[in-house]
Amino acid sequence: MAPSAVPLEATSLPVRALTTAFDDTLRFYLNGTRVVLDEVDPEITLLEYLRGIGLTGTKLGCGEGGCGACTVVVSQYNPTSKQIYHASVNACLAPLASVDGKHVITVEGIGSVKKPHPAQERIAKSHGSQCGFCTPGIVMSLYALLRNNQSPSQHDVEEAFDGNLCRCTGYRPILDAAQTFSVPQNACGNSKANGGSGCCKENGDGGGGRGGCNGGKSLDGDQPIKRFTPPGFIEYKPDTELIFPPALKKHDFKPLAFGNKRKRWYRPVTLDQLLEIKSAYPTAKIIGGSTETQIEIKFKALQYPISVFVGDIAELRQYSFKDDHLEIGGNITLTDLENVCQEAIAHYGEARGQIFSAMYKQLKYFAGRQIRNVGTPAGNLVTASPISDLNPVFLASDAVLVAKGPGKETEIPMAGFFQGYRRTALPADAILASIRIPLTQEKNEFFRTYKQAKRKDDDIAIVTAALKLRLGDDGVIEACNLVYGGMAPMTVAAKKANAYLTGKKFAELETLEGAMNALEQDFDLQFGVPGGMASYRKSLALSFFYRFYHEIMLSMGGEAEKVDEEVVPEIEREISTGKEDREAAAAYMQETVGKSNPHVAALKQVTGEAQYTDDIPPQKNELYGCLVLSTKAHAKLISVDHLPALDIPGVVDYVDKNDLPDARANRWGAPHFEEVFFAEDTVYTVGQPIGMVLATSAAKAAEGARAVKIEYEELPAIFTMEEAIEKDSLYKFFREIKKGDPEAAFKDCDYTFTGVARMGGQEHFYLETNAAIAIPSPEDGAMEIFSSTQNPNEAQVYAAQVLGVQSNKVVVRVKRLGGGFGGKESRSVQLSSILALAAQKTRRPVRCMLTREEDMVTTGQRHPFLGRWKVGVNKDGKMQALDLDIFNNGGWSWDLSGAVCERAMSHSDGCYLIPNIHVRGRICKTNTMSNTAFRGFGGPQGMFIAESYMSEVADRLGMPVEAFRAINMYKPLQETHFNQPLTDWHVPLMYDQVMAESDYAARRDAITAFNAAHKWRKRGLALIPTKFGISFTALWFNQAGALVHIYHDGSVLLAHGGTEMGQGLHTKMIQIAAQALSVPPDSIHIAETATNTVANASATAASASSDLNGYAIHNACAELNTRLAPYRAKLGPTASMQALAHAAYFDRVNLSAQGFYKTPEIGYTWGANTGKMFFYFTQGVAAAEVEVDTLTGTSTCLRADIKMDVGRSINPALDYGQIQGAFVQGVGLFTMEESLWLRSGPMAGALFTRGPGAYKIPGFRDIPQRFHVSLLKDVEWADLRTIQRSRGVGEPPLFMGSAVFFAIRDALKAARAQYGVAAAVGVDDPRDGLLRLESPATPERIRLACVDPIMERARVTPKEGEKSFFVAI
């Protein structure tokens, strides 16, 4: 989505007289090779340059430095540490012009498939790469760690990936692979663990760029520390790494200047040169790490005609220890600042260095390592973000900023630096040269920092605080400075609290209470405050001070009755570990099937050789498309003027509805065909396509899209399900499942309880956004499309429709997807069809890869759901009846909402027998993007509703929910509410096994004791079962085809209708074919998925692709085996496939075979409630234990135990990967990922959470600290008639992530109970203390569910007519 802001018109830049002689040649090394460029575009990023020259291993994932997919290593001499430092860097943010004198290393530069780097090989062989799109960035983060620290500790390894995201793996196998490089922490003979005075890292002067422990050498000699190389892996030898080019050690850093008529870029190398430029161009943009500037350029369309890069001015990267302060250069990197803080603590001592301890604490969680490697404190200060992690430290510590301008130096006290939102007191012609940070006193002065974010690592703060206090010897507060970020438009001091505290006796509870009252006045937030979360933010301001007060009291040895000692420690994670049962398949393992073979493309993915859609080299004469999207949620289109776009150099054409062959061609979206490719007279959501601009580059196309002028007449918009129900904005859809006589059962049962379950949606956040390339043929109107789609068949059908040709003229090809999760099942068709139309009109190839923002606002999410339930139950805990109304938020068009609702209805029983049930399903029509398929496809939402009523009813009965579940759990062969008997039913067995194997009963007792002993920390435990029906609910999709060719040399080419998106489908299909044909897997190749090899293929979805395509392949191979049987008889059982194929060929035997399979028996009839809905059910049970800091809402999963019944696994390693990845994705769904829309203002109705900066998926340190997974074994699958008797596994484990949600709920019940708030037993009272927790259980929701006095005094109630800043749909 092109940013809505309009850039400044290109004008001739003023030329000012500069006395410095500037060079215009860029010199650097790339993967060991010298590069010299004398025509440098100052607007191009390092990522654009690398991909432009064919180094496509480095990926574009988000464009804002939030996902790490673009990570490369930039090696340079560090003027701060005086050593070579290998910095992991976000290439999407780094300007190409910034790499002069440096060595850029990409994933291609460290290894290849034929000769991988140990880091690449270990991630590949450890099953740490699924879709592979994020993998090169992860590899490079690990590589950077190893280059800087040859002997990393386990903690170093776990922290190394804080700037990387992965959506597929669940992180566990990546961490396991990376930990093979770690060295036991006591390997250093001087470590405290070995009785020494402390290793260099323990004492704060190691790590970072210094290498630590003598750079990997032992302390008693020159021999490197002995590291263990796991069997089967390449040994890691640090001395074989790419050397830092000797020529760069002598590199002459000259002042540089590059430019074009739009922009000029300067790179001074001395402070004087910088000041001269600033004098000539006072409004020049100063760039340090470019982490903020690139965001402004890309997402706000801001233009900076004069930019000055200051990253190579050594004078601005120095630091010095003074008697009463530390002075740091304004442009020291945050990574170096971490090390300087540690050094300062050692230099000044802990008492006088408290500010540096506090700053180091903030820096640990400041963005990711890639950002810290280039970001600077001066940049942080000048951008004046109100939620900065560092600025409160500088303000609270009374730091002094040293500004330098032409001929003058100015000292600016921090107290007067921030002038308003994003405004500072820095003079226009000055630069921030250094920061003087004072010390704390040796005694009686205290300094602490606190931060709360949605996610612990790599996240911006919700509220951050730096709190300073100085006492006299009499215990009276002489001075204090409580400073907060996130509570106002700028970083502010709590003036009333500061004034109140000064002169008060600190160690008096009246002082604490008075300060809390004053803080309430300082931060009297309104309910609709910008940024939202009024009650939560206010509670955090109070909670941080409460924690600070008692932390100081404790350090002073305060009276026990006045010290709330337990509130002081914050939740800290341990090193995470995992365990899998590697012997699960031993009983049925065959020659190939049942073995844990690595993903067939793993080595390609870890080396950057795997090709994704946008990696395909540009075609001759190729154009780039950029969608013109609606900026209004609901409006009439008054006019659309695209002519201004055509005036922009490089813009070639524009396509919209007027270019389609007829009005019918604009309609898509089975089964109702009510969606349009291009808006016609009305737009129904922000992000609805209106047209597409075509240009010679992606940047020109985006500029053209911004220039299209659109006039709207706004109409009323609906966003939430509740609004839609109230206004009867529903699609013409109604489904019901009715069994038994619920009305009579309600009359006869002992209790009737009611409730509402609500859960939000979820963004797919596949790392590769939707991408496609359309290449027109000069003949017959034919078109070739390369697309990142799960549904090549539908892409073909709709492309043919918009082109006005038959489907046989369109070939859609899919090599692989960088993740899909259902988001590319139907919504990918929109982009590929529009590109096909554009290619037809221009007769030129056209490509487009959506930006992260475009993808998120156009392609839809998981459906939010609302369930209104009534349950009848007897005193013995047996449920008798359920009446349930289910609503989902379909968004502005049908898409797959009907089928999603149907699956939710079919899973709303959970794993429980309810003899009388009536479930009704409806779809809400709103003005959000059209919500769509997402892993689980309504199943997780239906089961969440089920587990919600199970939890609340158990509370109403006063019964442990585990017992309530067991009482009502289905038994074998009992029938579901849609009358399907449960065969091969193993949930009760697994429920018992998980309870035993996880030591559940003993841990429950331990948690009860823990919660009784802890006021602010609570633990919770939950045990959640799942059953997931496998089959498309639309009968006709349950079919598949395959094509198998055997060549003369015995090699096999395999084609099937499924797409590879990381789930390992191609790997499993190769194993099935290899087993069937008795050939080694490496003799089989799958080139791609294409519509001209397997026609009419169903989408790769519903966890059925292995079943469907596997059997189709098996049937094709069976046909080939029949044809080859005479030759096997003739040549003997040991004859090679080459010999067999050769003999058969000369006998003119067909060595190609087509296979086909359709799922038998299924076919459900809605309304009649007859027929078999699913072929079988994949089952599982998960136990999760959490710990919650109720003061802040922070939680962590201490342990998860998962057991899945996947039948006879075709590949256990791939199945474990699917289980771990789905579980963590489920943890995100139920505890972290929250989509929010803006309620008002110029972007009213727009999605706010449109990138990793605002939308948080789980990171490496959000997974369970102990993560145990096993597969069910030693049972019979008598009724399972799938390929190899395996079960689909892609979607079923996702719901088990809700075990973390329900464990949080369990912990919150304990937190509320200590204040006497609990459910009333035996009555249905909506006003009692029953905990009604919505999903996701974010830190905000967790904190708001607490009822302690701090939370109660912080609650902000809306005034009449006042609404929240954000909308949660």
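Quick note: numbers below take in every heavy atom, side chains included, and nothing from hydrogens, waters or symmetry partners. Residues: numbered from 1 along the sequence shown.
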**Student:** Scan the side chains in residues 58-65 for donor-acceptor partners under 3.5 Å anywhere in the protein, sequence neighbours excluded, and list what turns up.
**Tutor:**
unit_1 : atom_1 : unit_2  : atom_2 : d
Lys59  : NZ     : Thr56   : O      : 2.8
Lys59  : NZ     : Asp615  : OD2    : 2.5
Glu64  : OE2    : Gly1253 : N      : 3.0

**Student:** Does Pro1293 reach the side chain of Gln1218, with side-chain heavy atoms less than 4.5 Å apart?
**Tutor:**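 With C-beta onward as the side chain, the pair stays apart.
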
**Student:** Search all heavy atoms of Gln605 against all heavy atoms of Gln130 and return the closest pair with its distance.
**Tutor:**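 So the two residues come closest at NE2-O, 3.2 Å.
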
**Student:** Can you find a heavy atom in the side chain of Thr769 that is under 4.5 Å from one in the side chain of Thr851?
**Tutor:**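 When only atoms from C-beta onward are counted, Thr851 and Thr769 do not touch, as no gap falls below 4.5 Å.
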
**Student:** With a 6.0 Å cut-off on ring centres, are His1066 and His1056 close enough?
**Tutor:**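 Yes, close enough.
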
**Student:** Determine whether Leu1271 and Tyr1216 satisfy the following criterion, side-chain contact (heavy atoms from CB on, under 4.5 Å), listing intermediate values before the conclusion.
**Tutor:** CA-CA 8 Å; Leu1271 303 180; Tyr1216 278 129; 3.7 Å; yes

**Student:** Determine the interplanar angle of the Tyr766 and Phe821 rings, folded into 0 to 90°, and report it as parallel if under 30°, tilted if 30 to 60°, perpendicular if over 60°.
**Tutor:**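 Geometry flag for Phe821 against Tyr766: parallel rings.
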
**Student:** How about Phe1260 and Asp457: do any of their side-chain heavy atoms sit closer than 4.5 Å?
**Tutor:**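 The answer is no, as the side chains (C-beta and beyond) never meet within the 4.5 Å cut-off.
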
**Student:** Short question: side chain of Arg122, backbone of Ala178 - any donor-acceptor pair under 3.5 Å?
**Tutor:**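 No; judged by distance alone, with no hydrogens or angles, the pair does not exist.
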
**Student:** Between Thr333 and Val374, is there a donor-acceptor pair closer than 3.5 Å when you use the side chain of the first and the backbone of the second?
**Tutor:**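 Not confirmed, Thr333 side chain does not pair with Val374 backbone.
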
**Student:** Would you say the side-chain atoms of Asn78 pair up with the backbone N or O of Ile84, donor to acceptor, closer than 3.5 Å?
**Tutor:**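 Here the side-chain-to-backbone pair does not exist.
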
**Student:** Any side-chain heavy-atom pair from Glu1060 and His599 closer than 4.5 angstrom?
**Tutor:**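 When only atoms from C-beta onward are counted, His599 and Glu1060 do touch, with a gap below 4.5 Å.
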
**Student:** Can you tell me if Arg582 uses its side chain to pair, donor with acceptor, with the backbone of Ala1213 under 3.5 Å?
**Tutor:**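 No: the side chain of Arg582 does not pair with the backbone of Ala1213.
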
**Student:** Give me the atom names and distance for the closest heavy-atom approach of Leu175 to Ser576.
**Tutor:**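 Minimum heavy-atom contact is CD1-OG, 3.7 Å.
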
**Student:** How many angstroms lie between OG in Ser596 and NZ in Lys125, if you round to the nearest 0.5 Å?
**Tutor:**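 One finds 14.5 Å between OG of Ser596 and NZ of Lys125.
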
**Student:** Within a reach of under 6.0 Å around CD of Gln590, are more than 12 heavy atoms found that belong to other residues, nucleotides or ligands?
**Tutor:**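 Atom CD in Gln590 is crowded, with more than 12 foreign heavy atoms closer than 6.0 Å.
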
**Student:** Please report the interatomic distance CD(Glu241) to NE2(His117), rounded to the nearest 0.5 Å.
**Tutor:**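 If we round to the nearest 0.5 Å, Glu241:CD and His117:NE2 are 3.5 Å apart.
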
**Student:** Less than 4.0 Å between a side-chain N and a carboxylate O, is that true for Arg369 and Glu338?
**Tutor:**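 A salt bridge links Glu338 with Arg369.
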
**Student:** I'd like to check Asp176 versus His127 (side-chain heavy atoms, cut-off strictly below 4.5 Å). Are they in contact?
**Tutor:**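 Not touching, per the 4.5 Å side-chain cut-off.
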
**Student:** On a heavy-atom basis, which atom in Asp1215 and which in Ile1210 lie closest, and how many Å separate them?
**Tutor:**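 Nearest heavy atoms, Asp1215 then Ile1210: OD2-N, 4.3 Å.
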
**Student:** Once you round to the nearest 0.5 Å, how far does CG of Leu142 lie from CD1 of Ile174?
**Tutor:**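 Between Leu142 CG and Ile174 CD1, I get 10.0 Å after rounding to 0.5 Å.
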
**Student:** Between Gln370 and Thr71, which heavy-atom pair has the shortest distance, and what is it?
**Tutor:**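 For Gln370 versus Thr71, the nearest heavy atoms are NE2-OG1, 2.9 Å.
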
**Student:** Any sub-3.5 Å donor-acceptor pair from Asn1211's side-chain atoms to Leu1214's backbone N or O?
**Tutor:**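 Yes; judged by distance alone, with no hydrogens or angles, the pair exists.
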
**Student:** Using modelled atom types and a 3.5 Å cut-off, is there a donor and acceptor pairing between side-chain atoms of Thr1067 and backbone atoms of Val600?
**Tutor:**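 Yes, because the side chain of Thr1067 sits within donor-acceptor range (under 3.5 Å) of the backbone of Val600.
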
**Student:** Between the side chain of Gln1220 and the main-chain N/O of Gly170, is any donor-acceptor distance below 3.5 Å?
**Tutor:**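 A pair under 3.5 Å: no.
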
**Student:** State, to 0.1 Å, how close Ser88 and Asn373 come at their nearest heavy-atom pair, and which atoms those are.
**Tutor:**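 Heavy atoms of Ser88 and Asn373 come nearest at O-ND2, 2.9 Å.
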
**Student:** Side chains of Gln83 and Ser81 only: does a donor on one sit below 3.5 Å from an acceptor on the other?
**Tutor:**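 Per modelled atom types, Gln83 and Ser81 side chains form no pair under 3.5 Å.
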
**Student:** Any side-chain heavy atom of Thr1089 within less than 4.5 Å of one from Thr1100?
**Tutor:**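 No. Closest side-chain heavy atoms not under 4.5 Å.
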
**Student:** Considering non-hydrogen atoms only, spot the tightest contact between Pro152 and Leu145 and give its length.
**Tutor:**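 Distance-wise, the nearest heavy atoms are CB-CD2, 4.0 Å.
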
**Student:** Determine, stepwise, if the pair Ser1106 / Met1069 fulfils side-chain contact (heavy atoms from CB on, under 4.5 Å).
**Tutor:** CA-CA 7 Å; Ser1106 291; Met1069 297 305 97; 4.1 Å; yes

**Student:** Would the distance check show the side chain of Asn164 and the main-chain N or O of Cys134 forming a donor-acceptor pair, the cut-off being under 3.5 Å?
**Tutor:**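 Not confirmed, Asn164 side chain does not pair with Cys134 backbone.
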
**Student:** Flag the pair Lys1256 and Asp1262 as a salt bridge only when some basic side-chain nitrogen lies within less than 4.0 angstrom of an acidic carboxylate oxygen.
**Tutor:**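 So Lys1256 does not pair with Asp1262 through a salt bridge.
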
**Student:** Looking at residues at least two apart in the chain, or sitting in another chain, which of them share a salt bridge (Lys or Arg N to Asp or Glu O under 4.0 Å) with Arg935?
**Tutor:**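 Listed in chain order: nothing, the list is empty.
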
**Student:** Under 6.0 Å from the six-membered ring centre of Tyr77 and within 45° of its axis: does the NZ or CZ of Lys249 meet both?
**Tutor:**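 No; the conditions do not both hold, so Lys249 does not lie above the ring face of Tyr77.
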
**Student:** To the nearest 0.5 angstrom, please state how far the OG1 atom of Thr613 sits from the CE atom of Met849.
**Tutor:**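 The OG1 atom of Thr613 sits 8.5 Å away from the CE atom of Met849.
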
**Student:** Could you walk me through whether Asp156 and Ser182 satisfy the side-chain hydrogen bond (donor to acceptor under 3.5 Å, both in side chains) test, starting with their C-alpha distance in whole Å, then the side-chain angles of each, then the deciding distance to 0.1 Å, before giving a yes or no?
**Tutor:** CA-CA 8 Å; Asp156 295 331; Ser182 66; over 6 Å; no

**Student:** Does the side chain of Leu37 reach to within under 4.5 Å of the side chain of Phe28, using non-hydrogen atoms?
**Tutor:**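 In short, these two side chains touch, coming nearer than 4.5 Å.
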
**Student:** Phe133 and Leu817: side-chain contact (heavy atoms from CB on, under 4.5 Å), yes or no, with the steps?
**Tutor:** CA-CA 8 Å; Phe133 200 81; Leu817 284 66; over 6 Å; no

**Student:** Determine the sole option in Val99, Ile105, Leu50 for which the side-chain contact (heavy atoms from CB on, under 4.5 Å) test with Leu30 is passed.
**Tutor:**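 Among Val99, Ile105, Leu50, the one meeting side-chain contact (heavy atoms from CB on, under 4.5 Å) with Leu30 is Leu50.
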
**Student:** Donor-acceptor pair, Ser126 side chain versus Ile123 backbone, under 3.5 Å?
**Tutor:**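 No.
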
**Student:** Hey, are the side chains of Asn597 and Ile1070 touching, using non-hydrogen atoms and a 4.5 Å cut-off?
**Tutor:**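 They are not in contact (no side-chain heavy atoms under 4.5 Å apart), so the answer is no.
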
**Student:** Rounded to the nearest 0.5 Å, how far does OG of Ser1209 lie from CE of Met589?
**Tutor:**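 One gets 9.0 Å once the value is rounded to the nearest 0.5 Å.
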
**Student:** Can we call the ring centroids of Phe161 and Tyr171 under 6.0 Å apart?
**Tutor:**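 Judged by ring-centre distance (under 6.0 Å), Phe161 and Tyr171 do not meet the cut-off.
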
**Student:** Nearest 0.5 angstrom please: Asn90 CG to Cys67 SG, how far?
**Tutor:**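 Interatomic distance, Asn90 CG to Cys67 SG, rounded to 0.5 Å: 7.5 Å.
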
**Student:** For the side chain of Arg573 and the backbone of Arg1261, is there at least one donor-acceptor N/O pair under 3.5 Å apart?
**Tutor:**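 Yes, because the side chain of Arg573 sits within donor-acceptor range (under 3.5 Å) of the backbone of Arg1261.
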
**Student:** Applying side-chain contact (heavy atoms from CB on, under 4.5 Å) to Arg816 and Tyr612, what does each step give before you reach the verdict?
**Tutor:** CA-CA 6 Å; Arg816 59 174 58 83; Tyr612 300 81; 3.4 Å; yes

**Student:** Under 6.0 Å from the ring centre and within 45 degrees of the ring axis: does the NZ or CZ of Arg852 meet both conditions for the six-membered ring of Phe765?
**Tutor:**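 Positive - Arg852 is close enough to the ring of Phe765 and near enough to its axis.
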
